[in-house]
Structure formats: C-alpha cells, structure tokens
Amino acid sequence: MIARLLEGVPRRGLVLLGLLLAALVVFPFFASGYLLTVGFLVLYFAYVGQSWNIMMGFAGQLSLGHSLYVGLGAYAAAALYVHFGVSPWIGLSASIAFSGLAGAVIGFLAFRFGVAGVYFAILTIAFAEFARIGFDHFAWVQGSSGFFLPVANYATNDLWNLRGSPTMFYYLMLAMSAAAFVLCHALVRSRMGYYWQAIRESPEAAEALGINVFRYKMAAVVISAAMTSLAGVVFAFYYNNLFPEQIFHISRSIELILGPIIGGIGTLVGPLVGALLLTGLAEGMREIMLQLKVDVPGVKQVFYGLCLLLVVMFLPHGVWPPLARRLGLERGGADGAARADEGKP
Amino acid sequence: MALGLSVIFGVVRVVNFAHGEMMTVAMYLALMLFTALKLDPLVSLVPIAAVLFVFGYLLQAGLISPFINRPEHSQFMLLVAVALILVNLQLIAFGPDAKGIRTSYSFDSFKLGPLVVDAAKVYAAGAALVVAAALFAFFRFTLTGKAIRACADNYHGALVVGLNVRRLYALTFGLGAACVGAAGAMLMAVIDVTPAIGPAYTLLAFVIVITGGLGSMPGALLGGLLIGLTEALGGVLFTPSAKSMFAFALLVLVLLFRPQGILGRKAA
Amino acid sequence: MDRRQFNKAAAAAGLATTLSPAIVRAQARRLKVGVLLPRSGVQAGIGQDCHRALEVGSRILADLGLPGLDIMNGDTESNVDVGRARAERLISEGAQLLVGAFDSGQTTAIAQVAEQRGVPLVINIAAAPPITEQGYKFVFRNFPTAPMILGDAFANQLEVFKATGVSPKTAVFMHVNDTFGVAMQKGFSGVMQKFPAIPYKVVDTIAYDPAARDLSVEVTKARASGAEALVMVSRLNDAILITRELVKQRWAPSAILSMGPGWYEDQYLKTLGKLGDGPISFVPWYDPNKKLAKALEAAHVKAHPEINLNTNHIYTFEALLVAADAFKRAGSADPKALADAIRATNITDNVSTGPGIQFDAKGQNDKLRNSAIQNRGGKLVVVAPASASNAKPELPVRAYDKR
Amino acid sequence: MAVLLEVRGLSKSFRGLRAVQQVAFEVPEGSITGLIGPNGAGKTTVFNLVAGVMRPDAGEVRLGGTRIDGWRPDQVCAAGVGRTFQIVKPFAGLTVRENVTVGALRKSNDVSSAQRRADEILEKLRLGPKRGMLASSLTLPDRKRLEVARALATRPRLLLLDEVMAGLRPTETDQIVAFFRELNRAEGVTILLIEHVMRAVMALAQQVVVLHHGEVIARGEPAAVVRDPAVLECYLGEETEV
C-alpha cells in the first residue's frame, strides 16, 4: 500500500516532503504562541484548500460557497457537544453527514439540471447565503446571537473532547493536513482521480469513454464537502464561538479558496504553498507596517490585494508549478498543471 | 447597477466581482460632488458615469484583457484582488463612517391612495429607466453597439471579420462601469455610504441579473423588479430579517429551471 | 476621598502587604497595553471610534497621576482569525495587558488567548453574556451584558414616563437580527415581566436584516400595527433608514425608545438634523455630573470637536483606567498580580453611570447602570436616571412635518 | 454475418430543422462501414444519436439486438461503443499517456494495468515517444490519433470514427488506414466511420451509407455507390476528394 503510494514520486520530492513534515512537527518547540497561532492558520487553510481543491482542482467544479460546509460541520459538532455532551469525534460523523448531504443536494440539483460554470459557482454562493440567513434564525443554536461553547481550562489536553492548548490544535491540524495530503495523493492517482481530471478537461469526451460524469462529479462534491466539514469541527472547538454572520459569510469562502488558487489549482502542494504564502504575506505586511510606523487601517489590505493581483497576472497556474520546475520536481505524480515536456520528438 | 453587470457579463463573459466596490467609488464621487459643489446626485450621475466609464475602460484594457481566455477562477481572483484594493483605499481616503447627503427631496413622499411612495426612489427609478433606455438604444441602433453585440455572440467570428475585440471589450466594460456609476449616484440619494457596503451589492446584483437573465438588459430590469417584490412579500408574510432568503430561494429556482435566466437567451 | 488620595491609600496598602522592593522599580516603569480593535473591515467605523479614546484617555490618566501606558495597537480587521493571531502577536511583543475588542466573537477568541497565556484582558465593549460565564480568571468586563442593559432600560423608561406624563399603551418592537439584537430580543419579554408598571403592551415584534438596504417594508408593517410607541434595538445605518422611513411615511410614534446604538450617534444627528430630535436611547453612558466625566468630555471635545463623547469612547477609556489603576496598585506588571489587582478594583471616581467600577467573581462589573439620553437640538442630554441626569425628558415626539 | 449495429427510422430535429430523417442502416459485425455525405448531411448527428449524446425524436438504435437509444453516453460506451470527436476533445491538461489511461480504466482492474494497456495502444498508433507530452501540445494529426487511441482503450466492439483522417498527409492517411484494417482483421473490431477522404473510404469500407439532407440516399459497396447518379448529384459542386 505504502509502496504504491510512493510509486512514481521523485526521490527529491520525497526528501523535501519529509523535511517539510519534520520542520512542521518540531515547529511548536521553537515557536512562540503567536507563531503557533499563525502556524495553525496556515495548516487550517492548507487543509480546507486541499478539500476545496478536490472539487475545483481535480473535478473542475468551481465552488464559491465552501463556507457552507465549514459552517455546517462546525454547527453540527458544536451543537451535539453543547446540547448532548457528545464528543466531537462522534459529532464529526454528524458533521460529515450533514455537509455531505448538503453537498449531495447541491450537486444533485446542479448536475441534474445542467447548471455549470459560473452559474454553478453562483448557485453555491446562493446556498451558503441561504444557510447564513437560515442559521441567523435557527434558535436551537442561538441564531444570530452566536453559539458559544463552554471553555474549559487549558491545563490538560483532552483530545477526546477537543479541549486543550493551541499546541494540541496545531498537531491535530497538522495530522489532518497530512492525512488530506496523502488522501488527495492517493485519490488523484486512483481511477476516480483519473476520471475527475477527465471530467475537468472535457465532460463530453469523458462521457464518451464510459465515465458516469454525474456520479463522479457527485462524488467529488460530497468528498470535498465532507472533508471541509472536518475543518469546521476544529474551527468550532478552537474558537469556541460560532456566528452565522461570520462562518457562512462569502468572504470566508473566498478566503479559503485563495490559497489553492495562489498555490496552484489541481496540484497537491499548491494549497499548502498558497496557505503558507498568503498567511505569511498577511502577517509580514503587518510587521512591515509596524516597522514603518504606519498605523493606517487598510493600508495592509491594499498591499495584500496588490500582491494577489501580481500573482494572478504573472503566474496564471499559481506559484507551485514554476517553483516545482525550479526544484526539479516536475513529475510529482499525476497531479496536474506542471508537466515536463519530456519525450518531445 | 444590475444593468452594468449584465452588460459586462453578457458581452465580455467576465463575472465582475468588484461590482459593488466600483459602485461605492461612484457613491463617494457623488458625495464629494455634493459637498463641494452642491451638485444633486441625479445631476452628478452624468459626470460620475463618465468617470467610471474611463475607470472601467482602463481596468479592462489594462488589467482584465489578458484574462479573457483564462479560466473563470483566474478572473475571479483578479477581481477579488481589485475589490480588496478598492475597499481599503476608500477606507483610507474616506474613513469608515457612514456618509450621506440630504437633498431637498430626501424626505418627500407621494401619497397614492393607501400607498406612500418615496420621492427619492421615484426620481432614482426614473433616472434608472432613462439610463436603461439610452443603453438599449445604444446597443440597438449604433454601429459600435451592434459590433459589441456581435462580439458577444461570437468571439472568434468577431475576430475574423476584423473587429477590434479588445477595444470593444474595454468599451463594454467601460459602459458597464458607467451604469454602475450612474447607479451609485442614484443610490446616494437614497442611502448612506460606507466602504464596506460593496460586497452586499455585488451579491444583490448577481441575484438580480441571474434571475433576469445574464446578458439580457430587459432581464436585468425584470430581475430587479422580481427580486424587490419577492423580498417585500417575504418580509410582509414572514419575518423581515429573513427576506433575502426568499431572494436566494428564487435565484436557486431560476438557476435550476431556467439557468439562462427568465429572459436570457439559451447558451449556444 | 478623592482619586489621588484613594490611589495613595491603595498603593500604600499594596506596599504594606507585599513589602517588595520591586514595587518601587515597577512604579517607574510603564505598562504595555495591547489594544485590539476592529479598525478595518466591516466594523471599521466603531473600531476607529473606540480608537479615538486612546489618545485623549492617556493624557487624562497622566493627569490623575496614574502610571503611563504604552499603547500597542492591533487591528482585528473585523475577523476572528486575525483577532486571535493579533492577540498572540501583541503578547509575544510584550503586551502585559490586553484591551478590546468591541465585537463579541472576536472578544471571545481573544479572551481564550488571554486566559491561556495568563495575560489579563479588560473588555471595553462586548455584550454577549457567555463571555464572563466561562470561569475565566484573566478576563474582566466593564460593560453591561444584554440583560443588564434591558433591565435598566425598563427602569429608566418608567422614570421617563413618570416625568413626562406620557404613557403609551401599545408598542411595536423592532430589532436588528444580529448578535446584539437577538440577545436583546430574547431577554426582552422576560425582563419586561419584572417591570409590571411598564404601561405598554408589545403588539408586534419585527426582526430585520442587519445588512438591509431598505426598510420601508418593515416600517410599513410596524406602522400598520397601530402601536403608539416604537421600541428599537438597532445599529447606525438602520436607525437612519428607519427614521427616514418614519418621515416619509409621516408616522411619528409618541415615543421612540431605543435600547442600543444608532439613534444617538453623531452620524445619525448629522445626517438627520432636526429630524433626528426626539428619540430616547437607553444605553451604557456616562454620568455628566461626575468629575472625571467632565474632564474626559472637555479633553475629548478639544481633540475631536465634531464628535460627541459616546459609549465607545467612555468604555474604551475606562478599560484603560482599570488597567492603569490596577498596575499602580499591583506595583508590578506581573500578570498574576495585575489580575488580582484588577479583581480588587474599586474605582468610584469614574465616568460611566453607576456607583463605580468593581468586578464580581466572574470578572463582570455588575454595578454598572445605564442612562437614558435624548436627542435635542442636535445635542444629547441625559434624562434618566435622575441622579445622573442633566435635563428633563420631553415626550411625545413631535410630528416630523411640524419641525 | 450478424448485425452489430442496427439503426431504424431514426429522426432528429433542431428547432424545426430536420437534421436526420428516417435514417436506417445496418452495420454487420466485424465489418467496416463508411458513412459519407456532403457537409451538413447529418452524419455527425447520427453519430451523436448512436453514442447517446442526443436522444432521437423517433426511431431506434440497437446494438447486438439491445435497444440503446436514449441511453446516456457512458452507458453506450459501457455497452461497447467507442467514439472519436470530429472536433477533437483531448484532455488538454493531461499527458498523452494519461489521456489513454482514462479510457483504458473502463476495462481494467487497476490503474497500473490500465497504464500498461495505454502504452500498448500508444505504441501501435506511433504515439509512444510522445506519451509524456501534454495533450495540448500535440499537433492536430497527433490529436486525431490520440482520439482514436483513447476510444480504442475502452475495448469497444464498435468504433465510431468521426473524420479522423481529415487534415492528414497522404502517407499518414495510408498508415492509419493500414492500422484500422489490421485492427479490424486481428481484433475483430467493427468500425463505422464518417470520412470525407474518399480514398480512405474506398480503401477501407466494405459498405457505404450515403446521407444527404438527413436522409439515406444510397447504400451498398463503395464502388457501386460512387457511380450512383443520386450520389453524384448531391456531391456536385461539393468539394470531392475522390
């Protein structure tokens, strides 16, 4: 199994991945609380980016409403915990179920009725907004007044109830990101992964090759939704409060897809690189502003926007593909955009 | 407002995610013209539309045109970045506080039987109709308008017959932006502006345009009317705070049963 | 005992009990205070308004002879993630105490960081009750919770009705459907039952979307209920929108009673001019008769002549006051000592309405009182409680077309 | 010879325009059949109706006796029909090898055996050296061959070829004609091809069906059909490549 997973991955890639993982594992031993928080955010966005990437990067379905799944996952696990004392590890099955179901409903409606492209994207926004306003009126989880989880002490790390220190959350997120990475790696080289990419490139040709496009698109949406909902569970137990206005907001959907787009859509490393770059950029900007004694709110975001602009203008496939080429890792598996022109006549 | 989006998408096929932000730019312009020159927003909408036209033209020619043939998510990112920059520049320039203007008719209303009709809204609606009519005439009767419609129908065909598609696209984007500008100015007569209101309007414009039919101008008007009605009815019949839910529900229904919108043409 | 004497006594007490030489050194040092406010993003307006109190406040603290505060700014960008990361950043940069953060969600996120890192957090504004129900040891709130605001609102309403002789029999309750609005709406009927003397019955409750661009439907609905009085929980933009609708629909309720922000804010008064006169707001406010309040008001007017002193400034300032006072008494910036000192806070010469600043076991100042303020001639006057007022209330609200 | 594909009374209109009317023909098992006709005669529409891309207004399509009209394209493919597209639709972002692997997965247990199968087919179609290239960087003739390779990888009983020889040089045409003939002979794959290159049709097809204005105007052996006066007339003024 492991051997098969590793098959075709260049040695250098493995070594670099190993180094990266090692660095991430030892990171908390050297990092201050601040850096740990930032590290958590990076991993969080890497994870949701990876989840989103399944739908967009692999199967080519642009979702702009992924905050829906984060929110559903968060609310489901949190509500079970608060109302019934159910451990999040059990609650997350409810999260997966709800998000998966929501994904399935949206996917079913969209794909059955032939809603595609921009329209599909807007449909996903519509559902997320729908949920936002709906949850604003959902009294069982306190509606718009916000849903608070009881905060326990921080002395002990209770992994079972997900109560504990940021370090625990950091490792949890690290494990999830790593698992997502491996899962996506396996998925993309599986039959399903090939089919998704075929659908992404040309649905008509995929159909002609015997692929049940509807079923595989559904699979992509449901898997992506379910994975995303896990991030929601962590979010709920990390921040301990949920507001529909925040968690379902379209700006959060946008936030979580910036990483993979910047990093490189359809690549495995892209979401991680993107999350790292963006969070680093945001924090770095603040640092620079601080050094320059510029205390004008908004300046930072302007520069952040400019950087985004430059990246999309000059690196249309994201940061990772050219970076991979530079590192000599072009053939990193079946994933995507960067491919060497080896064997050219 | 929705008209602008419709124009831009219908022809250029770029979804303008910076639409609401462009509108707030127009609103601030209206505000400045009002405070400096005491220019009524319904008057200043002409120069503002012109300024936004130039802005839109440059935006398309300079930034967006290399993206025309790129995938949607790439265009989307670009405009998100533009939106981010616009919002925060406004925050820096104008501060976060809501700013409004008072015109002589701000608080007027007409009584039509049991109905009380808001004067500012009536004037704004009138202006909107004039703008829409002008736009319609432009597309229907002028050579450039026809050329733009040709581009919308068939990008490659237009290239082949020697139309300068890039220039036409920029022109179209400019026109769309001008509509937004006019809308912003009108809106200034009705509500106050803060840098943060943009996204809500982008979303609203989407809902309206898609309901009515992307790329169809009468569709945008009809969509606006329909969404307004749905929200109002939803608000009266159920709790008002959930009224936008009805708008979204309508959007979902339209997307499912008539993805091209109520008055949209079937995609080729 | 005035402020100075009190502080001397407190310092002496601290000295006597600990007898530590470090105190002397500590007295000379300054306290690093990290202030977290949403200064960009959707809440930028309020965040920046709170920010105004920092500069003005520092000078007044110096006049009181309190130790200096080094203010470190953190912008939460109206976002929980950023709020939490900023809190961590400020602490790692050496912030010894945190102040913030207006929004309940961001405040909760920051409170966890503070608790975990053992750095005291003094909340300036955030009304969600759960924040001080979590058993935190380093989190203190000198701001009323939603139920407290409600209770005082009814008490003050009774005073107002008595003073004016106007007692509406029916009212319609309109509230914004956001965190604060819903918290208030939930508490409303429960708290109202404790005030049987309230003359009106609520005939309809109308919730509306905080992002609403048009409230004509809502106001039409409210008007159709035939109620005499309008009871509101709103924000700024919607308050303006609703007033405009009232004018346009030619409906002047006998009383407009607001239990939240919006109706007294500068922008409201400036935008609406004389049409903005009349509404009474029941809000956490300041006692215009208190000495420190006068000082703060004077300093504020000097620095920002175009802006009225308001809740945002007062409570942000008081958070700094609590910090400086505790630092002086603790004599050190040791977080534990600081937290203990804050818990023992007993400031009577303060700004806000009520007996003063004290914290209960949960870290909540439960002694806070609210005031009733009325818009009159583009200015704000405090009309209740009588002990902390500077004017008499005037009702009914004058018809909009007769102004 | 058993009939593999049987089309009967097939009709399809687009907004009142009758693209295909009452078309009927049979493709015997193991044969190579040509479908010819001037531009706009409805050839590709017939393909799309057979392959399940469109649903016929009337008529039926039987594959080995089973009705398949109205099935989805993937079901038709699963039933044993592979097809190419006139306007090629390669998976542009995937490599040549991956393109074919997607097709091969249809009848393979796992990815690696599909890859092996893909390699075999690529060798036969002389695309072996280019398997690592992105499909988007192929030349048009290569893309046409890739279409064929991909369709073949699904191990079809019936292969629908839509103008795969258009734009090829004469030597290339000869190569691919030889390939199809060998494919037909050695593996028994039945082929139905739309083709304008008459040289290829004459060389390959055992029978020809001629469409004009959506109707079948002639059927039979190639040599006989090209002498049919009706056929000659409809091709008059057309660009014939005889």
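To find a chain, count down the sequence lines: A is the first, B the second, and so on, and within it residues start at 1.
- Interface summary for chain B: among A:Leu64, A:Ile257, A:Val311, the most heavy-atom pairs under 4.5 angstrom belong to A:Leu64.
- With a threshold of 4.5 angstrom between heavy atoms, A:Phe120 does not approach chain B through any atom at all.
- Your options are A:Ile262, A:Ile254, A:Ile250, and the one with the most heavy-atom pairs under 4.5 Å with chain B is A:Ile254.
- Taking CZ of A:Phe303 as the reference point, atom CD1 of B:Ile85 lies at 10.0 Å (rounded to 0.5 Å).
- Both the backbone and the side chain of A:Leu309 come within less than 4.5 Å of a heavy atom of chain B.
- Heavy atoms of other residues, nucleotides or ligands lying less than 6.0 angstrom from OH of B:Tyr57 number more than 12.
- Counting heavy-atom pairs under 4.5 Å between each of A:Gly305, A:Cys307, A:Ser251 and chain B puts A:Gly305 at the top.
- Around CZ of A:Phe214, the count of heavy atoms belonging to other residues, nucleotides or ligands within 6.0 Å exceeds 12.
- Partner A:Val302 forms a side-chain contact (heavy atoms from CB on, under 4.5 Å) with one of B:Asn88, B:Val87, B:Leu86 and no other, that one being B:Asn88.
- In this structure, chain B has heavy atoms under 4.5 Å from both the backbone and the side chain of A:Leu306.
- Across every non-hydrogen atom of A:Met313 and B:Leu78, the tightest pair is CG-CD1, 4.2 Å.
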